[in-house]
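Predicted, not measured: the structure shown is a model, and the values here were computed from it. If you read the sequence from its start, that first residue is 1, and numbering goes on from there. These numbers come from the heavy atoms of this one structure, side chains and all, not from hydrogens, waters or symmetry mates.
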Amino acid sequence: MPVIYLETLIDAPLQTCFDYARNVEAHMKSTEQTKEKAIAGVTNGLMREGDTVTWEATHFGIKQRLTAEITGMSEPDWFIDEMTKGAFKWFVHTHRFEDLGGVTLMVDQFAYKAPFGILGNLANVCFLKKYMKSLLEKRASELKNMAETAV
């Protein structure tokens with residue numbers, strides 16, 4: 001099972017970082033390169049435990065839809081979103097936040113399984129993991145910028 005792990009230091013309060021990470025509009029802004037937009041479920045504002053959202057985005061030149069649910073949350077320390085429908089066989093994205101004396105450590109842990117068995121495993125090794133890591137790094141960088149300029 002592939003896992004992508006990222007740590008991002010953000011010069012902003014814990015609650016601010018937590019809120020930007022679960023804000024639908026901030027998510028769309030942080031994923032502009034894939035033209036991601038919320039088209040069903042919660043389509044604006046802050047996501048809460050039990051909420052679902054369906055995203056539409058373009059990956060590898062193909063328009064795709066993915067539905068995720070917030071399956072756990074302990075504000076402002078962590079939340080988990082899980083794919084309920086989409087291109088992956090499954091994924092679990094854990095978002096954690098830790099106050100380091102005024103600076104927030106944001107941790108993304110993205111565990112997933114590619115579809116299509118052996119072909120999916122091959123795609124993961126060849127390009128999918130690198131692609132997903134790049135998307136998550138870009139999103140984290142954009143969230144960092146939003147949270148730091150909001151303070």
Side-chain angles (χ1 to χ4, degrees), residues 1-99 104-116 120 123-124 127-151:
M1 157 182 74
V3 177
I4 297 167
Y5 181 88
L6 301 174
E7 292 185 350
T8 306
L9 288 174
I10 305 173
D11 190 12
L14 182 71
Q15 186 71 50
T16 299
C17 298
F18 182 82
D19 287 346
Y20 271 103
R22 65 192 178 109
N23 182 286
V24 174
E25 291 89 356
H27 182 95
M28 288 188 285
K29 185 175 179 185
S30 71
T31 56
E32 286 178 339
Q33 75 275 14
T34 61
K35 301 179 182 98
E36 196 152 336
K37 61 184 174 180
I39 60 167
V42 176
T43 58
N44 59 50
L46 299 177
M47 301 282 294
R48 305 202 181 290
E49 187 170 0
D51 285 347
T52 62
V53 61
T54 299
W55 301 103
E56 185 175 82
T58 302
H59 300 281
F60 308 111
I62 302 167
K63 190 177 282 191
Q64 302 178 34
R65 289 187 178 175
L66 179 143
T67 301
E69 177 182 357
I70 305 294
T71 58
M73 182 180 289
S74 178
E75 186 172 344
D77 301 310
W78 60 267
F79 70 94
I80 298 170
D81 63 277
E82 298 185 46
M83 186 194 83
T84 60
K85 185 176 181 183
F88 289 93
K89 189 163 185 141
W90 60 264
F91 78 62
V92 176
H93 187 175
T94 303
H95 309 255
R96 290 193 333 249
F97 306 86
E98 184 178 344
D99 182 1
T104 300
L105 173 64
M106 180 175 76
V107 176
D108 286 285
Q109 183 174 308
F110 185 79
Y112 66 97
K113 178 118 176 100
F116 310 123
N124 185 62
F127 62 87
L128 183 59
K129 187 171 186 177
K130 181 178 178 181
Y131 179 80
M132 292 307 301
K133 183 176 182 188
S134 176
L135 281 179
L136 291 169
E137 287 171 339
K138 171 79 169 137
R139 182 171 186 276
S141 175
E142 289 294 322
L143 291 175
K144 172 184 172 73
N145 185 50
M146 285 183 244
E148 289 179 347
T149 56
V151 178

- Atom CG in Leu14, atom CD in Glu75: separation rounded to 0.5 Å? 9.5 Å
- Verify side chain to side chain contact (heavy atoms under 4.5 Å, CB included) between Lys37 and Lys35, making sure each step is shown before the conclusion. CA-CA 6 Å; Lys37 61 184 174 180; Lys35 301 179 182 98; over 6 Å; no
- Less than 4.0 Å between a side-chain N and a carboxylate O, is that true for Lys29 and Glu25? no
- Go through Glu56 and Lys63 one step at a time and tell me if the side chain to side chain contact (heavy atoms under 4.5 Å, CB included) criterion holds. CA-CA 7 Å; Glu56 185 175 82; Lys63 190 177 282 191; 3.5 Å; yes
- Item | Thr16 side, atom OG1; Asp11 side, atom CG - distance, nearest 0.5 Å | 11.0 Å
- Message: Measuring from atom NE2 of His59 to atom CD of Gln33, what distance do you get when rounded to the nearest 0.5 angstrom?
- Response: 8.5 Å
- Message: Going by side-chain hydrogen bond (donor to acceptor under 3.5 Å, both in side chains), Glu36 matches just one of Arg139, Gln64, His27. Which one?
- Response: His27
- Measuring from Tyr131:OH to Thr34:OG1, what's the distance to the nearest 0.5 Å? 6.0 Å
- Message: If I take atom CE from residue Met47 and atom CZ from residue Phe79, how far apart are they, to the nearest 0.5 angstrom?
- Response: 8.5 Å
- Message: Can you tell me how the ring of Phe97 sits relative to the ring of Phe18, calling it parallel under 30°, perpendicular over 60° and tilted otherwise?
- Response: perpendicular
- What's the verdict on side chain to side chain contact (heavy atoms under 4.5 Å, CB included) for Leu6 and Glu137, showing C-alpha distance, side-chain angles and the deciding distance? CA-CA 7 Å; Leu6 301 174; Glu137 287 171 339; 3.7 Å; yes
- Query: Which residues pass the side-chain hydrogen bond (donor to acceptor under 3.5 Å, both in side chains) test with Thr52, sequence neighbours left out?
  - Reply: none
- Task: Could you walk me through whether Phe88 and Met132 pass the side chain to side chain contact (heavy atoms under 4.5 Å, CB included) test, one step at a time?
- Result: CA-CA 12 Å; Phe88 289 93; Met132 292 307 301; 3.8 Å; yes
